[in-house]
Number of protein chains: 2
Amino acid sequence: MRLRQGINQIYETRARILKAIAHPTRLFILDKLKNKEYCVCELTKLVGADVSTVSKHLSIMKNAGILTTRKEKNIVYYDITCDCVTRYIECIDEVIRNTAVNHRKLLKTIK
Amino acid sequence: MRLRQGINQIYETRARILKAIAHPTRLFILDKLKNKEYCVCELTKLVGADVSTVSKHLSIMKNAGILTTRKEKNIVYYDITCDCVTRYIECIDEVIRNTAVNHRKLLKTIK
DNA sequence: TGGCAATTTGGCTATTTTGCCAAATTGTAT
DNA sequence: ATACAATTTGGCAAAATAGCCAAATTGCCA
C-alpha cells in the first residue's frame, strides 16, 4: 500500500501476526494448545496432514511471536506465549454470533 | 485440512473472519473507522490506492460481517459492526509488545 | 559408530490473494 | 434525457500461500 513508511510499519506488523492465526489448521492447533503443550508429532496426528506441513504451520506462528518451544531430547513442545491469543478467538466468535443474528433479522424482514 | 467436516466448520469460519482483517490496508481502514464512519472516496484518499482496490477491501470486510454500510444519495458510508474488532487490535499489540520484551531479554543473555 | 525417531528445510506445483485498469452500475441534478 | 460523481464489478498479471515429497538435521541409544 501507499501509506508513508512510518505509518505503514505498525499495520504491517499487526497483519503479520493476524495472518499467522488466520488459517483453519492453525486455529485448530491454537485451540488444542489452549489447554496444554503438544509436540509436533502429536499435533500431526490430531490435524491429519503431513508432518512437514504441520511443522511449517507451527514455525509460522512461532515466528509471529504467538508460540514458544521447549526442547526435550529430540522432541519439540509448542505452547502459546500469551493468553490474549485465546481472547481473540472469543472476539471472533462474537462477530460470528452477530452475523448470525443479523442474518436472522434479515430473514424476518423477507418473510 | 483433513479434519472431519463438522469439526472443520468452525475453524473455517473463524479463519475467514480473521483473513478479512489480516491485511495492512484493511487494518489501517479499521483504525480509521474506529472513531467514525467514512465513505469510500474519503478512505481512498487516506489509503492512497485505487478506488476499486479500496472498494474491494471494504467489501471483503463487509462480507465477513465486520463492517456495515449506510447509503446516502450515491455515497456509501462504512462503519464497524462490533467493537470487539477494535479489541482484537489491542490483543495483537500485546503480542507485539511481548515479542519485543522477549527479544530484549534474548539480547541481554548474549551480551 | 550406525541406526532410528522427531523435526526442519528445500523445492515444486496448485491455489489464493492483490491491485490495477476498464467498464458497468447507481443515484443526482441540470 | 444527459451528464456526472460515487461505487462496484470483471478481468488479468504478479505476488504470496499451502501442502506434499524428498532430503537434511538433531539427539538419543544400542
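Not measured: the values here are computed from a predicted model. Proteins come first, then strands; the chains are lettered A, B, ... in the order of their sequence lines, and each starts at number 1.
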### Query
Between B/Phe28 and A/Tyr11, how do the two ring planes meet: parallel, tilted or perpendicular, split at 30° and 60°?
perpendicular

### Query
Between A/Cys84 and A/Cys82, is the SG gap short of 2.5 Å?
yes

### Query
Which atom pair, heavy atoms only, marks the closest approach of A/Tyr78 to A/Ser59?
OH-N, 4.5 Å

### Message
If you assign each of A/Ala22 and A/Lys71 to its closest nucleotide in DNA chain D, which residue comes earlier from the 5' end?
### Response
A/Ala22

### Message
Using the side-chain heavy atoms of A/His23, tell me which of these nucleotides is nearest: D/dT8, C/dG19, D/dG19.
### Response
D/dG19

### Task
May I ask you to list the residues of residues 32-42 of chain B, by number, that have any heavy atom positioned under 4.0 Å from an atom of DNA chain C?
none

### Query
Has A/His57 got a side-chain N or O lying under 4.0 Å from the OP1 or OP2 atom of D/dG19?
yes

### Query
Where the side chain of A/Ile60 is defined as all heavy atoms beyond and including C-beta, which of D/dT26, D/dA18, C/dT18 is the nearest nucleotide?
D/dA18

Without placing hydrogens or testing angles, list every side-chain donor-acceptor pair under 3.5 Å for residues 13-21 of chain A, not counting sequence neighbours.
unit_1  : atom_1 : unit_2  : atom_2 : d
A/Thr13 : OG1    : A/Gln9  : O      : 3.0
A/Arg14 : NE     : B/Asp93 : OD1    : 2.9
A/Arg14 : NH2    : B/Asp93 : OD2    : 2.8
A/Arg16 : NH2    : A/Asn63 : O      : 2.8

### Task
Answer yes or no: is there an ion pair linking A/Arg87 with B/Glu90, defined by an N-O contact shorter than 4.0 Å?
no

### Message
Given 3.5 Å as the limit, does a donor-acceptor pair link the side chain of A/Ser55 with the main chain of A/Val51, or not?
### Response
no

## Note on the structure
Winner on side-chain proximity to A/Arg26, out of C/dG19, C/dT7, D/dA18, is D/dA18

### From D/dC20, C/dA6, D/dA5, nucleotide with atom closest to B/Asn74 side chain
D/dA5

Interface polar pairs with nucleotides 9-13 of chain D, N/O, under 3.5 angstrom:
unit_1 : atom_1 : unit_2  : atom_2 : d
D/dG10 : O6     : B/Lys56 : NZ     : 3.1
D/dG11 : O6     : B/Lys56 : NZ     : 2.6

### Summary
For A/Lys34, the side-chain contact (heavy atoms from CB on, under 4.5 Å) test, sequence neighbours excluded, returns A/Asp31, A/Thr86

#### Entry: Secondary-structure string, 5' to 3', Watson-Crick or G-U under 3.5 Å, | for another-strand partners, for DNA chain D
||||||||||||||||||||||||||||||

### Query
Which part of the nucleic acid does A/Tyr77 contact within heavy-atom distance under 4.0 Å: base, sugar-phosphate only, or nothing?
nothing

Please set out all donor-acceptor pairs under 3.5 angstrom arising from side-chain atoms of residues 64-73 of chain A, sequence neighbours excluded.
unit_1  : atom_1 : unit_2  : atom_2 : d
A/Thr69 : OG1    : A/Lys62 : NZ     : 3.0
A/Arg70 : NE     : A/Glu37 : OE1    : 3.2
A/Arg70 : NE     : A/Glu37 : OE2    : 3.4
A/Arg70 : NH1    : A/Glu72 : OE1    : 2.7
A/Arg70 : NH2    : A/Glu37 : OE2    : 2.4

